[in-house]
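Below is one structure, written out as structure tokens; comments come after it.
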Amino acid sequence: MKGEYMMSTIDLRSDTVTKPTDEMRKAMAEAKVGDDVYGEDPTVIELEQLAAEITGHEAALFVCSGTMGNLVSLLTHCNRGEGVVLGFKSHIYNNEGGGLSALGGLVPLCVNDDQGIPDHNEILSYCRDENVHYTPAKLLCLENTHNACGGIAISPDRFSSVVDLARSKGLLVHLDGARIFNAAIAWGVEPKTYTEIVDSVQFCLSKGLGAPIGSLICGKRDYINRAKHWRKRVGGGLRQAGVIAAAGLIALNNYADLKYDHEKAKVLKDILKNGGVKVVDVFKPTNMVYFDLNDDVDVIQLANSCKRRGLLFNPTFPRVRLVTHRDVTFEDVEMAAKIILEELS
């Protein structure tokens with residue numbers, strides 16, 4: 001079935017569907033490699049050094065995926081039975097298979113993150129005096145951009161104020177920065193504005209940045225050394241990983257191009273909104289457009305009708321997400337909006 005639409009489809013399911021560029025493929029074919037478990041892969045070393053520099057940290061660790069990056073980060077920070085404060089809508093809580101509990105024995109302490117970042121009082125509710133009845137809160141997890149809240153980019157001021165609060169209460173802070181470069185571009189700041197003030201950050205190479213695989217964890221050198229042990233424990237030790245790290249180097253050196261994805265999303269949003277679709281407005285949007293469907297709309301039927309016309313999106317109800325990326329053009333998003341409006345009518 002996939003072969004029927006692969007060459008002509010406008011795929012807005014996610015920015016994970018991006019294909020490596022010709023430049024990436026060439027770099028992958030020519031990459032210098034070694035055994036990364038022994039710390040001998042020169043391309044991985046170069047990628048980790050660049051990631052640490054960009055994020056303002058001492059060291060970095062190349063891992064297979066964002067989910068692995070978040071899991072390893074949490075397991076490195078916390079011991080079994082300790083609490084992790086995180087949002088009800090966060091990716092770590094909802095979309096990573098419950099790994100923090102299943103594999104780490106960690107307790108999720110959930111707070112309201114409807115605005116993309118927890119309210120101060122929500123965090124304080126878990127910063128309690130020591131008591132044998134309570135799970136001790138050890139770590140605060142933040143997400144920027146926040147996927148389930150419309151791809152919103154949290155402002156540097158709001159972000160730093162929450163980090164400062166956590167610090168004042170003795171909490172460590174981990175940033176799920178899967179799309180942190182989108183947030184930085186949206187606010188016109190360097191990525192380290194967000195990343196250097198947290199204890200650890202995970203970001204993905206395989207979303208809008210376009211590499212075929214991989215994420216990085218960044219933090220202090222001692223922390224990264226301990227994280228290597230956890231990466232090995234969960235089966236993430238890689239050998240000649242320079243073949244894939246080479247694409248990551250190109251992705252990181254060209255992250256400024258993500259601004260075009262934001263521009264495409266704005267075009268898509270404006271056309272849908274002008275056509276009467278109930279588009280979700282967020283302050284500082286990035287490369288995601290969400291819209292709500294009426295109760296009388298069959299989202300499966302809508303998705304199938306659009307698919308027959310060459311447009312893909314995930315059929316979720318009542319809210320649909322569309323994600324722009326570098327493998328769709330401005331003409332593509334205009335056509336996507338046209339198809340959706342026609343099928344809804």
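Counting from 1, the numbers follow the sequence of the chain as shown. Just so you know, these numbers come straight off a predicted model, no measurement behind them.
You'll find the side chain of Lys89 reaches within 4.5 Å of the side chain of Cys149, heavy atoms only. Counting heavy atoms from C-beta on, the side chains of Leu12 and Val328 come closer than 4.5 Å. Lys138 is not listed as a side-chain neighbour of Leu106, based on a closest heavy-atom distance of 4.5 Å or more. Ser155 has its side chain out of reach of Phe283: every pair of non-hydrogen atoms, C-beta onward, lies at least 4.5 Å apart. Looking at heavy atoms from C-beta onward, Leu140 lies in side-chain contact with Val162 at the 4.5 angstrom threshold. Between Asp261 and Arg326, the closest side-chain pair of non-hydrogen atoms falls below 4.5 Å. Residues Val37 and Arg239 form a side-chain contact, since some pair of their non-hydrogen atoms from C-beta on lies under 4.5 Å apart. Using a 4.5 Å heavy-atom threshold, the side chains of Leu302 and Phe317 count as separate.
Side chains of Asn70 and Ser73: no donor on one and acceptor on the other come within 3.5 Å. For Asp199 and His77, the side-chain atoms include no donor-acceptor pair closer than 3.5 Å. Checking Ser305 against Arg308 by side-chain atom types alone, a donor-acceptor pair falls below 3.5 Å.
The OH atom of Tyr290 lies 14.5 Å from the CG atom of Leu272; values are rounded to the nearest 0.5 Å. Between the CG atom in Leu341 and the OG atom in Ser345 there is a gap of 7.5 Å [rounded to 0.5 Å]. With rounding to the nearest 0.5 angstrom, the CG atom of Leu258 is 12.5 Å from the NZ atom of Lys207. For the atom pair CG (Leu100) and CG (Leu74), the distance works out to 6.0 Å, reported to the nearest 0.5 Å. Separation of atoms CG (Leu109) and CZ (Arg128) is listed at 7.0 Å; rounding is to 0.5 Å. Here the CZ atom belonging to Phe203 is positioned 6.5 Å from the CD1 atom belonging to Ile54, to the nearest 0.5 angstrom.
At most 12 non-hydrogen atoms from other residues, nucleotides or ligands lie less than 6.0 angstrom from CD of Glu53. Atom NE2 of His229 has 12 or fewer neighbouring heavy atoms from other residues, nucleotides or ligands inside a 6.0 Å radius. Heavy-atom contacts from other residues, nucleotides or ligands closer than 6.0 Å to NZ of Lys266 number 12 or fewer. The environment of CD in Gln301 is sparse: at most 12 heavy-atom neighbours from other residues, nucleotides or ligands sit within 6.0 Å. In the displayed structure, Tyr93 atom OH is contacted under 6.0 Å by at most 12 heavy atoms of other residues, nucleotides or ligands. Within a 6.0 Å radius of CD in Gln115, no more than 12 heavy atoms belonging to other residues, nucleotides or ligands are found. Residue-environment remark: NZ (Lys273) stays at or below the threshold of 12 foreign heavy atoms within 6.0 Å. Within a 6.0 Å radius of CG in Asp22, other residues, nucleotides and ligands contribute 12 heavy atoms or fewer.
The shortest heavy-atom contact between Phe159 and Asn144 is CD1-ND2, 4.1 Å. Counting all heavy atoms, side chain and backbone alike, Gly39 lies closest to Ile45 at O-CD1, 3.5 Å. Minimum heavy-atom separation, Leu209 to Leu205: CB-O, 3.4 Å. Of all heavy-atom pairs between Arg321 and Ser14, the closest is NH2-CB, 3.7 Å.
Following chains of ILVMFWY side-chain contacts shorter than 4.5 Å, one cannot reach Val17 starting from Tyr260, and the two form parts of different hydrophobic clusters. No path of Ile, Leu, Val, Met, Phe, Trp and Tyr side chains, each step under 4.5 Å between heavy atoms, connects Ile197 with Tyr223, placing them in separate hydrophobic clusters. Hydrophobic clustering (ILVMFWY, side-chain heavy atoms < 4.5 Å, transitive): Leu50 and Leu238 are in one cluster. A chain of hydrophobic side-chain contacts below 4.5 Å, direct or via other Ile, Leu, Val, Met, Phe, Trp or Tyr residues, connects Val163 to Leu175. Residues Leu344 and Val333 fall within the same hydrophobic cluster, defined by Ile, Leu, Val, Met, Phe, Trp and Tyr side chains chained together at heavy-atom separations under 4.5 Å.
Within the 3.5 Å criterion, the main-chain N or O of Met68 finds no donor-acceptor partner in the side chain of Arg231. At least one donor-acceptor pair closer than 3.5 Å links the side chain of Glu143 to the backbone N or O of His91. Using a distance-only test at 3.5 Å, with no hydrogens or angles considered, a donor-acceptor pair links the side chain of Lys264 to the main chain of His325. Of the possible donor and acceptor atoms, one in the side chain of Tyr194 sits under 3.5 Å from a partner among the backbone N and O of Ile154. Side chain of Ser101 to backbone of Gly98: no donor-acceptor contact under 3.5 angstrom is found. In this structure, the side chain of Thr145 does not engage the main chain of Ala183 through any donor-acceptor pair within 3.5 Å. Within the 3.5 Å criterion, the main-chain N or O of Asn112 finds a donor-acceptor partner in the side chain of Glu122. Under the 3.5 Å distance criterion, the side-chain polar atoms of Asp332 are matched with a main-chain donor or acceptor of Thr329. No donor-acceptor distance shorter than 3.5 angstrom exists from the side chain of Asn314 to the backbone of Thr316, with no hydrogens or angles considered.
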Do Glu263 and Lys259 pass the salt bridge (Lys or Arg N to Asp or Glu O under 4.0 Å) test, and can you show the C-alpha distance, the side-chain angles, and the key distance before you say yes or no?
-> CA-CA 6 Å; Glu263 293 170 5; Lys259 65 182 179 182; 6.0 Å; no

Intermediate values then yes/no, salt bridge (Lys or Arg N to Asp or Glu O under 4.0 Å), Arg13 and Asp11 = CA-CA 6 Å; Arg13 291 173 298 173; Asp11 195 338; 2.6 Å; yes

Where do Lys228 and Asp36 land on the salt bridge (Lys or Arg N to Asp or Glu O under 4.0 Å) test, with the steps shown first?
-> CA-CA 11 Å; Lys228 287 181 181 179; Asp36 183 47; over 6 Å; no

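Under the side chain to side chain donor-acceptor pair (under 3.5 Å) test applied with His262, the options Asn287, Asn182, Thr324, Thr286 reduce to a single match, Asn182. Considering Thr55, Ile185, Thr195 in turn, Thr195 is the only one that fulfils the side-chain contact (heavy atoms from CB on, under 4.5 Å) rule with Ile180.
A tilted orientation is assigned to the rings of Tyr255 and Phe181, their planes being inclined by 30° to 60°.
The pair Lys338-Glu334 does not count as a salt bridge, with every side-chain nitrogen at least 4.0 angstrom from each carboxylate oxygen.
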